[in-house]
J.: 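Just passing along the structure, written as structure tokens.
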Amino acid sequence: MSTNKRKVLVCLSGGIDSSLAALFLKKQGYEVHGVTFRTWDYVTESCWEKQKGCCSIESIVEAKQFAEKIGITHQVLDLREHFKKTVINEFVNEYLAGRTPNPCVRCNAETKWGEVMSLADELGCNYVSTGHYAQVRGENDRFILSQGMDETKDQSYFLWMLTQENLARTIFPLGKWKKADIKKMAAERGLVKLAEKRESQEICFIPKNDYRDFLKEQVPGLDSKIGEGNFISMEGKVLGQHKGYPYYTIGQRKGLGIALGEPRFVVDIRTRTNEIVLGSYNDLEKKSLKIKNINLIKYPEIKDGMQTDVKIRFRSKPVKATIFTENESYIIVTHQPLYAVTPGQSAVFYEGHDIVGGGIIV
RNA sequence: UGUCUGAUGGUGUAAUGGUAGCACAACAGAUUUUGGUUCUGUUUGUCCAGGUUCGAAUCCUGGUCAGACAA
């Protein structure tokens with residue numbers, strides 16, 4: 001590693017958060033080098049209009065301009081192939097398997113930290129940094145990831161896959177700040193455009209916010225391979241036709257195109273028979289789930305029967321639960337009902353504000 | 001072929017003479033670094049032709065269509 005202990009590689013997206021993160025690091029006396037990823041090419045123009053978040057060409061230009069403005073070096077890293085091989089492929093395959101992926105979790109682990117760490121090595125940077133609202137600290141020989149101070153903007157959920165090696169070198173300059181303050185500071189520094197820019201949102205590589213169209217583009221002949229199938233009730237009665245199981249996700253209500261007099265939700269996806277089971281909201285209830293691909297952060301291991309709080313989606317309150325270990329997977333039994341537990345999504349364990357670990361729901 | 005019943009927005013229904021309502025669906029916006037959820041809002045309807053009435057989804061006549069029963 002470099003002899004320069006104050007050199008940091010910061011991921012700039014062109015948005016307000018990462019820009020301010022870079023600014024903070026610079027003010028704190030770090031030697032800062034910015035990097036912006038090129039992950040995906042947009043073909044449609046709609047994304048430009050929407051000023052989409054982290055990866056558009058326009059944002060790359062903005063990131064570069066910002067770097068110049070605050071006087072840091074900057075480069076663009078072309079990760080298109082890597083991104084396609086990891087994030088996009090997994091995204092498509094998961095849907096084809098009847099599961100619902102979370103590409104952001106994958107992208108953070110594989111693309112952002114995965115690739116940035118090696119670039120940091122090349123450049124002699126001992127730290128890497130992003131504009132995430134999360135915190136990391138060293139304690140008991142572990143590097144512990146915890147929620148951002150601004151609970152409404154906390155993004156730790158998306159970072160549960162980060163390894164100890166990743167966290168050891170990570171700085172989150174915004175972890176102790178509130179989004180409102182960041183916006184205010186940006187405005188005060190004359191960064192009006194940034195302050196007014198829309199939040200990055202939706203899947204960054206999907207234009208028009210329609211993952212179904214994206215799947216069609218990525219999987220030629222998808223509709224002829226899978227095609228229409230039956231909506232069925234909990235009792236097995238045929239209720240209508242659907243467009244093919246990859247277009248649905250557990251808990252989904254909108255877009256079913258079927259009027260049954262009361263709200264119906266996707267309760268189960270049966271890939272073998274291409275059947276989608278519909279039920280009431282209460283039919284989505286579960287009190288246990290199984291996870292795999294476990295990554296532990298706060299503790300090196302988890303004891304059978306450990307108590308924790310678990311989150312099964314980004315915007316949901318943590319629920320008290322007990323973890324039962326079982327070889328490579330865990331069984332999580334919650335003390336309150338969960339709704340719409342969705343295979344492919346992340347279950348993240350919290351202890352207070354700290355992330356204990358997480359896994360992918362089976 | 002006869003008799004009876006029914007026909008309301010995309011779907012299912014309410015309103016028995018007095019501004020056509022509800023649920024679901026659809027669409028749009030809000031929320032949101034995943035999908036989904038949630039919230040707010042919007043669009044769309046009285047089978048057709050006559051008649052009675054100040055006024056008809058509602059009553060009358062004829063037609064069309066559907067279901068049931070009869071043969």
Side-chain angles (χ1 to χ4, degrees), chain A residues 11 13-18 21 37 39-40 50-56 59 87-88 90-92 94-112 130-134 148 150-161 172 174 179 197-206 209-215 231 239-242 245-269 276 278 280-285 311-317 338-348 358 360-361:
Chain A
C11 302
S13 70
I16 178 171
D17 294 328
S18 58
F37 308 131
T39 51
W40 194 251
K50 280 177 78 177
Q51 292 191 326
K52 284 188 68 113
C54 60
C55 324
S56 73
S59 292
V87 180
I88 303 280
E90 197 240 6
F91 181 81
V92 172
E94 284 290 281
Y95 270 112
L96 292 180
R99 293 186 288 265
T100 306
N102 186 333
C104 293
V105 166
R106 203 76 182 188
C107 173
N108 283 332
E110 305 251 357
T111 304
K112 291 211 178 95
T130 69
H132 283 99
Y133 289 84
D150 187 342
E151 288 184 19
T152 61
K153 293 303 295 181
D154 168 50
Q155 291 167 321
S156 59
Y157 175 86
F158 294 99
L159 301 170
W160 68 268
M161 252 191 194
F172 292 122
L174 304 191
K179 178 78 178 196
K197 195 168 177 176
R198 280 189 72 168
E199 301 279 323
S200 74
Q201 55 182 343
E202 292 132 14
I203 307 176
C204 71
F205 53 88
I206 295 188
N209 187 26
D210 188 347
Y211 82 85
R212 293 166 183 90
D213 277 348
F214 182 81
L215 280 181
F231 280 125
L239 301 172
Q241 296 290 297
H242 69 249
Y245 72 80
Y247 299 134
Y248 302 87
T249 184
I250 302 293
Q252 177 179 346
R253 170 182 176 179
K254 291 285 173 190
L256 303 180
I258 183 170
L260 294 168
E262 52 188 336
R264 294 281 103 168
F265 301 83
V266 173
V267 172
D268 196 13
I269 296 173
I276 303 281
L278 302 182
S280 68
Y281 185 77
N282 285 335
D283 292 329
L284 292 170
E285 179 182 325
K311 270 175 80 163
I312 59 161
R313 49 173 51 80
F314 175 48
R315 271 179 301 281
S316 68
K317 284 191 177 172
L338 294 172
Y339 292 88
V341 176
T342 310
Q345 293 283 294
S346 298
V348 181
I360 302 284
I361 299 169

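Within every chain, numbering begins at 1; the chains are lettered A, B, ... in the order of the sequence lines, protein sequences first and strands thereafter. Because only heavy atoms are used, hydrogens play no part in the values below, and waters and symmetry mates are left out as well, while side chains stay in.
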J.: Side-chain donor or acceptor of Thr100(A) under 3.5 Å from a matching atom on the base of G36(B)?
T.: no
J.: Between Ile269(A) and Gln252(A), does a side-chain contact (heavy atoms from CB on, under 4.5 Å) hold up when you go through it step by step?
T.: CA-CA 11 Å; Ile269(A) 296 173; Gln252(A) 177 179 346; over 6 Å; no
J.: Which of the following nucleotides, U37(B), G35(B), U34(B), is nearest to the side chain of Arg253(A)?
T.: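 The answer is U37(B), which lies nearest to the side chain.
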J.: What does Ser346(A) touch in the nucleic acid at a heavy-atom separation under 4.0 angstrom: a base, only the sugar-phosphate, or nothing?
T.: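 The answer is nothing, as Ser346(A) stays clear of every strand by at least 4.0 Å.
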J.: Reckon Arg264(A) has a side-chain N or O less than 4.0 Å from the OP1 or OP2 of C24(B)?
T.: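 False: Arg264(A) side-chain N/O out of range (4.0 Å or more) of C24(B) OP1/OP2.
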J.: Could you work out the separation of A30(B) and C47(B) based on their C1' atoms and round it to a whole Å?
T.: 40 Å
J.: Using whole Å, report how far CE of Met161(A) lies from P of U34(B).
T.: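 Checked: the CE to P distance equals 17 Å.
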J.: Can you check whether Thr152(A) reaches Tyr133(A) side chain to side chain, under 4.5 Å on heavy atoms?
T.: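 Answer no - side chains too far apart.
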J.: Base, sugar-phosphate alone, or nothing: which one does Phe314(A) contact when heavy atoms must sit under 4.0 Å apart?
T.: base
J.: Grab the CZ-C1' distance between Phe231(A) and C24(B) for me, whole Å please.
T.: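 Value for this atom pair: 14 Å.
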J.: Show the numbers, then the answer: is there a side-chain contact (heavy atoms from CB on, under 4.5 Å) between Tyr248(A) and Leu256(A)?
T.: CA-CA 8 Å; Tyr248(A) 302 87; Leu256(A) 303 180; 3.8 Å; yes
J.: NA contact type, Pro101(A), heavy-atom cut-off 4.0 Å: base, sugar-phosphate, or nothing?
T.: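 It contacts base atoms.
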J.: Where the side chain of Gln345(A) is defined as all heavy atoms beyond and including C-beta, which of U37(B), U32(B), G35(B) is the nearest nucleotide?
T.: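 That would be G35(B).
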J.: Without hydrogens or angle criteria, can the side chains of Asp154(A) and Ser156(A) be said to hold a donor-acceptor pair below 3.5 Å?
T.: yes
J.: Under the side-chain contact (heavy atoms from CB on, under 4.5 Å) criterion, do Thr342(A) and Ile361(A) qualify, and how do the steps go?
T.: CA-CA 7 Å; Thr342(A) 310; Ile361(A) 299 169; 5.7 Å; no
J.: Answer with base, sugar-phosphate or nothing: what part of the nucleic acid does Arg313(A) contact at a heavy-atom distance below 4.0 Å?
T.: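 Base, at least one base heavy atom under 4.0 Å.
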J.: Identify, between Thr342(A) and Ile258(A), the residue whose nearest nucleotide on RNA chain B lies closer to the 5' end.
T.: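 Here Ile258(A) is the residue nearer the 5' end.
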J.: Could you state the atom-to-atom distance from OH of Tyr157(A) to P of U37(B) in whole Å?
T.: 16 Å
J.: Given Tyr95(A) and Tyr211(A), is the side-chain contact (heavy atoms from CB on, under 4.5 Å) satisfied, shown in steps?
T.: CA-CA 10 Å; Tyr95(A) 270 112; Tyr211(A) 82 85; 3.3 Å; yes
J.: Could you state the OH-P distance from Tyr281(A) to A23(B), rounded to the nearest angstrom?
T.: 20 Å
J.: Rounding to a whole Å, what distance do you find between Ile88(A):CD1 and U34(B):P?
T.: 15 Å
J.: Mind checking Gly255(A) for me? I need base, sugar-phosphate or nothing, with any heavy atom below 4.0 Å counting as a touch.
T.: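 The answer is sugar-phosphate, as Gly255(A) gets under 4.0 Å only of primed atoms, P, OP1 or OP2.
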J.: If you check every side-chain atom of Phe158(A), which of G35(B), U38(B), U34(B) has the closest atom?
T.: U34(B)
J.: Under a 3.5 Å cutoff on both atom distances, Watson-Crick or G-U, what's the dot-bracket for RNA chain B ([ ] crossing, | other strand)?
T.: (((((((..((((....[..)))).(((((.......)))))....(((((..]....)))))))))))).
J.: Please state the C1' separation for the pair U13(B) and A71(B) - nearest whole angstrom.
T.: 35 Å
J.: Is Leu284(A) touching bases, backbone alone, or none of the nucleic acid, heavy atoms closer than 4.0 Å?
T.: nothing
J.: Which of these nucleotides, U38(B), G10(B), U34(B), is closest to any side-chain atom of Phe265(A)?
T.: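 So the side chain of Phe265(A) is nearest to U38(B).
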J.: Identify which nucleotide among C24(B), G35(B), U37(B) has an atom closest to any side-chain atom of Lys254(A), counting heavy atoms from C-beta outward.
T.: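 The listed nucleotide nearest to Lys254(A)'s side chain is U37(B).
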J.: Would you kindly give the OH-to-P distance between Tyr339(A) and U37(B), to the nearest whole Å?
T.: 17 Å
J.: Looking at the side chain of Pro103(A), which of U38(B), U34(B), G36(B) is the nearest nucleotide?
T.: U34(B)
J.: With a cut-off of less than 4.0 Å, is there a side-chain N or O of Arg315(A) near OP1 or OP2 of U34(B)?
T.: yes
J.: In whole angstrom, what separates Glu285(A)'s CD from U37(B)'s P?
T.: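 My rounded result for the distance is 19 Å.
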J.: If you measure from the C1' atom in C69(B) to the same atom in U19(B), how many Å do you get, rounded?
T.: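 C69(B) and U19(B) have their C1' atoms separated by 41 Å.
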J.: Send over the distance from Asp210(A) CG to U34(B) P, rounded to a whole Å.
T.: 16 Å
J.: So what does Arg99(A) touch, heavy atoms closer than 4.0 Å: a base, only the sugar-phosphate, or nothing?
T.: nothing
